[in-house]
Number of protein chains: 2
Amino acid sequence: MRILIIEDDQEASAYLAKGLKEAGHTVDQAGNGTDGLFLATTERYDAMVVDRMLPGVDGLTIVQTIRGAGNTTPVLILSALGKVDDRVKGLKAGGDDYLVKPYAFAELLARIEALGRRTSASQPETRLKVEDLEMDLLARTVNRSGQDIDLQPREFRLLEYLMRHAGQVVTRTMLLENVWEYHFDPQTNLIDVHISRLRQKVDKDFDQPLIHTVRGAGYTLRAQR
Amino acid sequence: MRILIIEDDQEASAYLAKGLKEAGHTVDQAGNGTDGLFLATTERYDAMVVDRMLPGVDGLTIVQTIRGAGNTTPVLILSALGKVDDRVKGLKAGGDDYLVKPYAFAELLARIEALGRRTSASQPETRLKVEDLEMDLLARTVNRSGQDIDLQPREFRLLEYLMRHAGQVVTRTMLLENVWEYHFDPQTNLIDVHISRLRQKVDKDFDQPLIHTVRGAGYTLRAQR
DNA sequence: CCTCGATGATCAGAATACGCATGGGGTGCC
DNA sequence: GGCACCCCATGCGTATTCTGATCATCGAGG
């Protein structure tokens, strides 16, 4: 796991970093709120440990700010303040857990790992990738093995949905609801047609097909079988 | 959110339930470990509050059991034991958070909501497991001892039903109603045929058969006998 | 211990449902 | 008006399901 520590007490920070590294994680450290906020917004972490009292930008503010920006990385707030109200404030600000100093390292480790376990996938992604197929959501482009693929709007949405659920079987109902926003069954082969067209573009010129039919169930996007 | 409370102290449980309901959640309660485990495995919750000390099945055991079954519902463990070692044990067992009694309700609420927030998008029970046989409902895949098994749609539904009722005897009528949605008896050996085919795929290449005939009653999925 | 009826297992062909490709018509946008 | 794009209908090929016949097994009763 990649973990960011924002803590002004040098010694405490070093101690924490050492322990987390020994447990097999990758650690970045920031010694004040400003640097911390910068790292938190520019890098991707699986979890963050944030001290509540910080020079510059305060811990709670950091959490509120990154949450406001849509970042959902789990945050463990560290504080000397143990009163219930303080804890509630910490959690309300968007913290996922709250630990009072002094704490035992074993507990912090257990909690951080519990948090991380829960969310390995959270950031609002801008690129999707499945095998050699890549989609850039911002640029609205798709390419496979470097070769550009030109898709119509509906085909794009369809492929996006399939990619977001790669490995899972996606039912027709799911597609109607999420790609077409139909909340009923149109009783036509609408989906089949679009899948067919998508296949022409995505799988036709390649050895390994990615779109697979799961008879009686739906479709799935994945490597083999 | 749907929340399950497993707590033997009637008063504490009622108090908790009341508070959570007032905060807009739906609450189920279990007064002992056995009932709790039953609800936890048969129903779907967004979060669970589990007392550590319980008559019958103990709190940690419950958490370990549901985790072993692939259930990832967030769990908040409640305990009178506040020592660091106890907390670490609680989190290691698969708990997502740990709160020591006496606690303030506001804090518990904040923590539960922090846990729920994190996984509201979590999948509704996605894997079934019986002995060495595993089924992934999302990917629609089945494997036994790591070896993939390829099933047709009806066979898949049939096996799913058997797995969801593992250990119980499943009658032909139950199968007709739930797997075929027939509400009458087709007067053919329809079911026998499909069970036969399923056996070929599930039991044929393995020492230990899992599908057993219960003469005059139906079928059952379990280890021996 | 053997026999016989009832219950369950297996097999293969027939019936069915499902998914695919294609072309045409409609709609809305430049 | 022309162009994209999207949706619908058709017919075809095939995977899946169901049926009915035959064979195996079980257990009660003589």
Side-chain angles (χ1 to χ4, degrees), chain A residues 140-142 149-162 169-206 209-222 225, chain B residues 140-142 149-162 169-206 209-222 225:
Chain A
R140 298 243 132 200
T141 56
V142 176
I149 294 176
D150 199 41
L151 295 181
Q152 295 178 349
R154 181 108 319 153
E155 292 166 357
F156 190 90
R157 288 186 65 182
L158 176 56
L159 182 59
E160 176 184 347
Y161 192 81
L162 289 171
V169 170
V170 168
T171 66
R172 281 153 199 279
T173 310
M174 287 162 75
L175 292 174
L176 285 175
E177 295 253 326
N178 297 291
V179 177
W180 275 265
E181 328 235 341
Y182 282 8
H183 299 283
F184 57 92
D185 184 347
Q187 314 268 14
T188 71
N189 64 348
L190 177 56
I191 292 178
D192 310 45
V193 171
H194 282 269
I195 288 282
S196 173
R197 305 248 138 96
L198 197 54
R199 274 184 165 139
Q200 302 280 324
K201 299 184 181 178
V202 173
D203 283 342
K204 189 82 168 288
D205 305 330
F206 298 87
L210 290 177
I211 302 174
H212 305 273
T213 305
V214 182
R215 200 158 228 266
Y219 296 93
T220 184
L221 190 77
R222 68 177 137 210
R225 196 139 73 93
Chain B
R140 295 228 166 208
T141 55
V142 176
I149 294 177
D150 202 42
L151 296 182
Q152 294 179 348
R154 185 122 282 163
E155 292 165 358
F156 191 90
R157 287 185 65 181
L158 176 56
L159 182 59
E160 177 184 348
Y161 191 82
L162 290 172
V169 171
V170 168
T171 66
R172 282 150 201 279
T173 311
M174 286 163 75
L175 292 174
L176 285 175
E177 295 253 326
N178 297 290
V179 177
W180 274 266
E181 326 224 350
Y182 282 8
H183 298 285
F184 57 93
D185 184 346
Q187 313 272 11
T188 71
N189 63 350
L190 178 58
I191 292 177
D192 309 47
V193 170
H194 282 270
I195 288 282
S196 170
R197 289 244 275 283
L198 198 53
R199 276 183 164 140
Q200 301 281 324
K201 298 184 180 178
V202 173
D203 283 342
K204 188 84 169 288
D205 305 331
F206 298 87
L210 290 177
I211 302 173
H212 306 274
T213 305
V214 181
R215 201 156 226 258
Y219 297 93
T220 184
L221 189 77
R222 70 174 134 213
R225 196 140 64 97

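Note on naming: letters A, B, ... go to the chains in the order of the sequence lines (proteins, then strands), and numbering restarts at 1 for each one. It should be emphasised that the depicted structure is a prediction, and the values quoted were computed from it without experimental measurement.
Listed nucleotides: dA9(C), dT17(D), dA9(D). Nearest to the side chain of Asn189(A): dA9(D). Considering only the side chain of Gln152(A), dC5(D) comes nearest among dC11(C), dT22(C), dC5(D). The side chain of Arg215(B) sits closest to dT25(D) out of dT25(D), dG20(D), dA9(D). Comparing atom distances between the His194(A) side chain and each of dC6(D), dG20(D), dC20(C) picks out dC6(D) as nearest. Of the candidate nucleotides dC6(D), dG23(C), dT10(C), dG23(C) has the atom nearest to the side chain of Arg197(A).
Between Leu198(B) and Leu151(B), the closest side-chain pair of non-hydrogen atoms falls below 4.5 Å. Using a 4.5 Å heavy-atom cutoff, the side chains of Ile149(B) and Phe156(B) are not in contact.
Checking the phosphate oxygens (OP1, OP2) of dC7(D), a side-chain nitrogen or oxygen of Tyr182(A) falls inside 4.0 Å. Here Trp180(A) reaches the OP1 or OP2 of dC7(D): one of its side-chain N or O atoms lies under 4.0 Å away.
Note on Phe156(B): nothing from the nucleic acid sits closer than 4.0 angstrom, heavy atoms only. The residue Pro153(B) sits close only to the backbone: its heavy atoms come under 4.0 Å of sugar-phosphate atoms, none of a base. Among the protein residues, Arg154(B) comes within range of the sugar-phosphate backbone only, with heavy atoms under 4.0 Å from sugar or phosphate atoms but none that close to a base. Counting non-hydrogen atoms under 4.0 angstrom, Arg199(A) reaches the backbone sugars and phosphates but no base.
Rounded to whole angstrom, the span from the CD atom of Gln187(B) across to the C1' atom of dT7(C) amounts to 15 Å. Following rounding to the nearest Å, Leu190(B) (CG) and dT7(C) (P) show an atom-to-atom distance of 18 Å. Distance Arg140(A) CZ to dC5(D) P: 13 Å, rounded to the nearest Å. In this structure, Leu175(A) atom CG and dG19(C) atom P are separated by 12 Å, rounded to whole Å. Distance CG (Asp192(A)) to P (dG13(D)): 18 Å, rounded to an integer number of Å. Atom CG in Leu151(A) sits roughly 15 Å away from atom C1' in dC6(D) (whole-Å rounding).
Residue Gln152(B) is tested with Lys201(B), His194(B), Arg157(B) for a side-chain contact (heavy atoms from CB on, under 4.5 Å); the sole match is Lys201(B).
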Apply side chain to side chain contact (heavy atoms under 4.5 Å, CB included) to the pair Tyr161(B) and Leu221(B), showing each step before the final yes or no. CA-CA 10 Å; Tyr161(B) 191 82; Leu221(B) 189 77; over 6 Å; no

